[in-house]
Amino acid sequence: MLDVLVVGAGPNGLMLACELALAGVHPVVLERRPAPTGEPRANGLVGQVVRLLDRRGLYTRLSGDSAPPAPQPAFTFGAFPLDLTMLDENPHYVLGVPQAQLEAGLAARAAELGVEVRRGHEVVDLHQGPDAVEVVLADGTRLTSRFVVGADGGRSVVRRLAGIDFPGVTNDRSVSRTATVTVPGSTLDPATGGLLVPGFGVVPPFLHTRTPRGLIAWAPFPGRPAIVSTTEWPDAPAGDESPMSLAELRASVARVLGADVPFGASEGPGLLRRLTGGNTRIAARYRDGRVLLAGDAAHVHPAIGGPGLNLGLQDAVNLGWKLAATVRGWAPEGLLDTYETERRPVAERVVMSTQAQSALIGPGDDITGLRGLFAELLRKPEVTGHIAALMSGADVAYPADPADPLAGRCAPDVVVHGGGAPVRLAELTRTARPLLLDSTGAYAEVAAGWRDRVDVVTGPLEGTAATALLVRPDCFVAWSAGDAGTLRAALTGHFGGPR
């Protein structure tokens with residue numbers, strides 16, 4: 001019998017498989033497609049997930065940059081530019097790698113960890129028992145596993161077969177068009193890289209530009225084809241099922257801007273995509289017995305602001321260590337259920353954020369008036385800071401002891417000064433093991449009974465006022481310095497009883 005079957009070899013499924021392997025569990029990943037498609041999808045990672053990848057040693061291999069990730073000085077919210085330089089603490093990180101490159105990097109890491117990925121294996125049925133789940137494949141093969149995780153996207157087969165409802169709303173009010181394009185050099189603003197559009201002005205790069213007629217985004221990615229995207233709200237959905245053409249996108253741009261832009265087709269395989277409407281849904285439950293959901297299988301929402309991978313990859317990392325602890329037998333009672341109690345509220349906030357942004361980019365004079373007020377509010381650092389924390393996920397706080405100011409929050413970027421060179425937290429968390437950082441040496445003996453599960457590192461801590469931190473495998477704080485009794489309670493509550 002297998003330990004865990006992960007259905008779906010997208011970023012979330014591969015990340016979960018890596019986490020399980022790091023924790024000593026041997027997952028098998030099933031993917032119905034025979035090979036990666038390379039289809040252009042997400043264009044990068046946004047938010048705290050960039051720091052998380054750094055803490056697994058993946059940031060450098062994906063970015064090619066040996067330096068730690070740095071916050072971005074600007075971003076966008078609801079087609080408003082966010083000036084993040086006004087913040088004392090900027091939580092917003094961006095990693096501009098396309099999804100195909102991310103998947104390739106995670107697949108390579110999974111292979112290094114011994115994860116078996118079986119492509120061309122389509123799940124068509126599953127049957128749950130008290131101790132295992134039997135999965136039936138399209139070719140009739142039957143596999144038995146202790147747990148099954150559906151990371152198979154918004155149309156999740158696992159979710160459907162498990163009988164988990166997917167409540168929410170579907171609308172067909174908007175039509176979005178996206179394509180990879182080329183443009184004449186004369187249409188590029190040399191100062192910003194934006195589009196110079198006669199009769200309109202400059203469409204800035206990597207931002208959403210709203211007009212009373214629609215929305216346009218221009219993304220001139222270095223080293224790969226530029227992307228143009230529009231969103232319109234026609235009086236009635238076109239209902240056109242034919243493939244989108246570049247001429248159709250050009251006509252949409254002309255309607256949104258009131259001026260024509262001479263786009264050309266990009267070289268090689270390109271993107272031409274039309275989407276009508278969208279879905280906002282959260283699964284009725286993230287767990288049904290031995291079946292769990294992660295990523296888009298558990299929640300879908302508008303893509304504006306790019307929160308999808310930030311949400312899904314952190315689902316995977318939250319679930320990974322808890323599921324591994326359950327498989328290996330040391331999980332305290334109820335630990336696996338905290339996956340939903342911790343991650344569902346995060347999904348609900350992402351839905352709230354994307355719905356608010358979708359409202360702010362809509363057409364009409366009333367929305368224009370609302371945007372005027374919003375523009376005034378965004379001049380206030382406290383408002384911009386609040387929105388930056390929401391979009392990046394830096395405001396996530398899991399249920400924890402209210403008397404402990406750091407517990408339940410993402411661990412700060414501390415540096416440990418020991419006998420040798422200073423060590424960043426990101427270097428200590430690559431094994432995905434629980435970690436006790438002890439600046440005094442007084443707490444190491446308390447944790448001795450958990451040494452099979454918890455690593456202890458002693459030395460002065462830079463970057464936090466706490467004298468000690470207990471860090472979960474997902475890099476959230478389980479406890480910050482109190483007395484020995486509270487440390488024992490935190491160790492037991494998160495990582496089971498002592499050996």
Side-chain angles (χ1 to χ4, degrees), residues 1-34 36 52-53 56-58 102-123 126-129 131-137 141-153 156-159 161-162 286-298 309 312-331 335-336 339-340 343 430-434 453 472-474:
M1 181 164 59
L2 301 171
D3 286 335
V4 180
L5 270 175
V6 179
V7 181
N12 301 319
L14 291 170
M15 189 74 184
L16 174 61
C18 290
E19 293 294 299
L20 290 167
L22 284 168
V25 172
H26 303 289
V28 171
V29 181
L30 304 179
E31 170 56 54
R32 66 178 179 85
R33 296 182 178 90
L52 176 63
L53 292 177
R56 288 295 187 265
L58 294 167
L102 172 65
E103 288 186 14
L106 289 174
R109 179 57 174 152
E112 292 170 4
L113 294 170
V115 173
E116 183 181 357
V117 179
R118 302 179 186 177
R119 297 188 180 274
H121 287 63
E122 182 179 1
V123 174
L126 64 79
H127 309 282
Q128 250 198 103
D131 302 312
V133 183
E134 183 185 62
V135 169
V136 183
L137 305 184
T141 302
R142 294 174 181 266
L143 301 172
T144 303
S145 179
R146 296 179 64 183
F147 290 93
V148 171
V149 180
D152 50 343
S156 171
V157 171
V158 171
R159 186 186 63 235
L161 293 173
Y286 283 20
R287 179 187 180 190
D288 184 85
R290 293 179 174 272
V291 178
L292 299 107
L293 305 175
D296 289 355
L309 287 171
L313 290 173
Q314 292 195 76
D315 283 351
V317 176
N318 184 289
L319 175 59
W321 71 274
K322 297 172 181 178
L323 185 53
T326 304
V327 169
R328 297 188 65 189
W330 57 257
L335 178 67
L336 194 52
Y339 166 57
E340 177 166 357
R343 295 305 297 170
R430 293 177 182 178
T431 60
R433 283 174 57 84
R453 280 155 279 166
R472 305 179 347 173
D474 58 359

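Note that the coordinates shown come from a computational prediction; the quantities given were computed from them, not determined experimentally. Along the sequence shown, residues carry numbers from 1.
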Would the distance check show the side chain of [X] and the main-chain N or O of [Y] forming a donor-acceptor pair, the cut-off being under 3.5 Å?
{"X": "Gln314", "Y": "Leu52", "value": "no"}
{"X": "Arg119", "Y": "Glu31", "value": "no"}
{"X": "Arg290", "Y": "Val133", "value": "no"}
{"X": "Arg328", "Y": "Ala23", "value": "yes"}

When rounded to the nearest 0.5 angstrom, what distance separates [atom1] in [X] from [atom2] in [Y]?
{"X": "Leu22", "Y": "Arg109", "atom1": "CG", "atom2": "CZ", "value": "5.5 Å"}
{"X": "Asn12", "Y": "Leu293", "atom1": "CG", "atom2": "CG", "value": "12.0 Å"}
{"X": "His121", "Y": "Leu5", "atom1": "NE2", "atom2": "CG", "value": "10.5 Å"}
{"X": "Leu58", "Y": "Leu106", "atom1": "CG", "atom2": "CG", "value": "6.0 Å"}
{"X": "Thr144", "Y": "Leu2", "atom1": "OG1", "atom2": "CG", "value": "7.5 Å"}
{"X": "Met15", "Y": "Leu53", "atom1": "CE", "atom2": "CG", "value": "5.5 Å"}

Which atom pair, heavy atoms only, marks the closest approach of [X] to [Y]?
{"X": "Ala294", "Y": "Val149", "answer": "CB-CG1, 4.3 Å"}
{"X": "Arg142", "Y": "Val136", "answer": "NH1-CG2, 3.5 Å"}
{"X": "Ala324", "Y": "Leu20", "answer": "N-CD2, 4.0 Å"}
{"X": "Ala432", "Y": "Glu19", "answer": "CB-OE1, 4.1 Å"}
{"X": "Glu340", "Y": "Tyr286", "answer": "OE1-N, 2.9 Å"}
{"X": "Gly295", "Y": "Asp315", "answer": "N-OD2, 3.3 Å"}

Walk me through it: do Phe147 and Thr326 pass the test side-chain contact (heavy atoms from CB on, under 4.5 Å)? CA-CA 10 Å; Phe147 290 93; Thr326 304; 3.8 Å; yes
Give the intermediate values and the outcome of side-chain contact (heavy atoms from CB on, under 4.5 Å) for residues Arg118 and Leu143. CA-CA 12 Å; Arg118 302 179 186 177; Leu143 301 172; 3.8 Å; yes
Can you tell if the side chain of [X] reaches within under 4.5 Å of the side chain of [Y], non-hydrogen atoms only?
{"X": "Asp296", "Y": "Ser156", "answer": "no"}
{"X": "Leu102", "Y": "Leu309", "answer": "yes"}
{"X": "Val7", "Y": "Val135", "answer": "no"}
{"X": "Val4", "Y": "Leu16", "answer": "no"}
{"X": "Arg287", "Y": "Tyr339", "answer": "no"}
{"X": "Leu336", "Y": "Leu292", "answer": "yes"}
{"X": "Val157", "Y": "Arg32", "answer": "no"}

Candidate list Val158, Val6, Val123, test side chain to side chain contact (heavy atoms under 4.5 Å, CB included), partner Asp152, passing option: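 Testing Asp152 for a side chain to side chain contact (heavy atoms under 4.5 Å, CB included) against Val158, Val6, Val123 leaves exactly one candidate, Val158.
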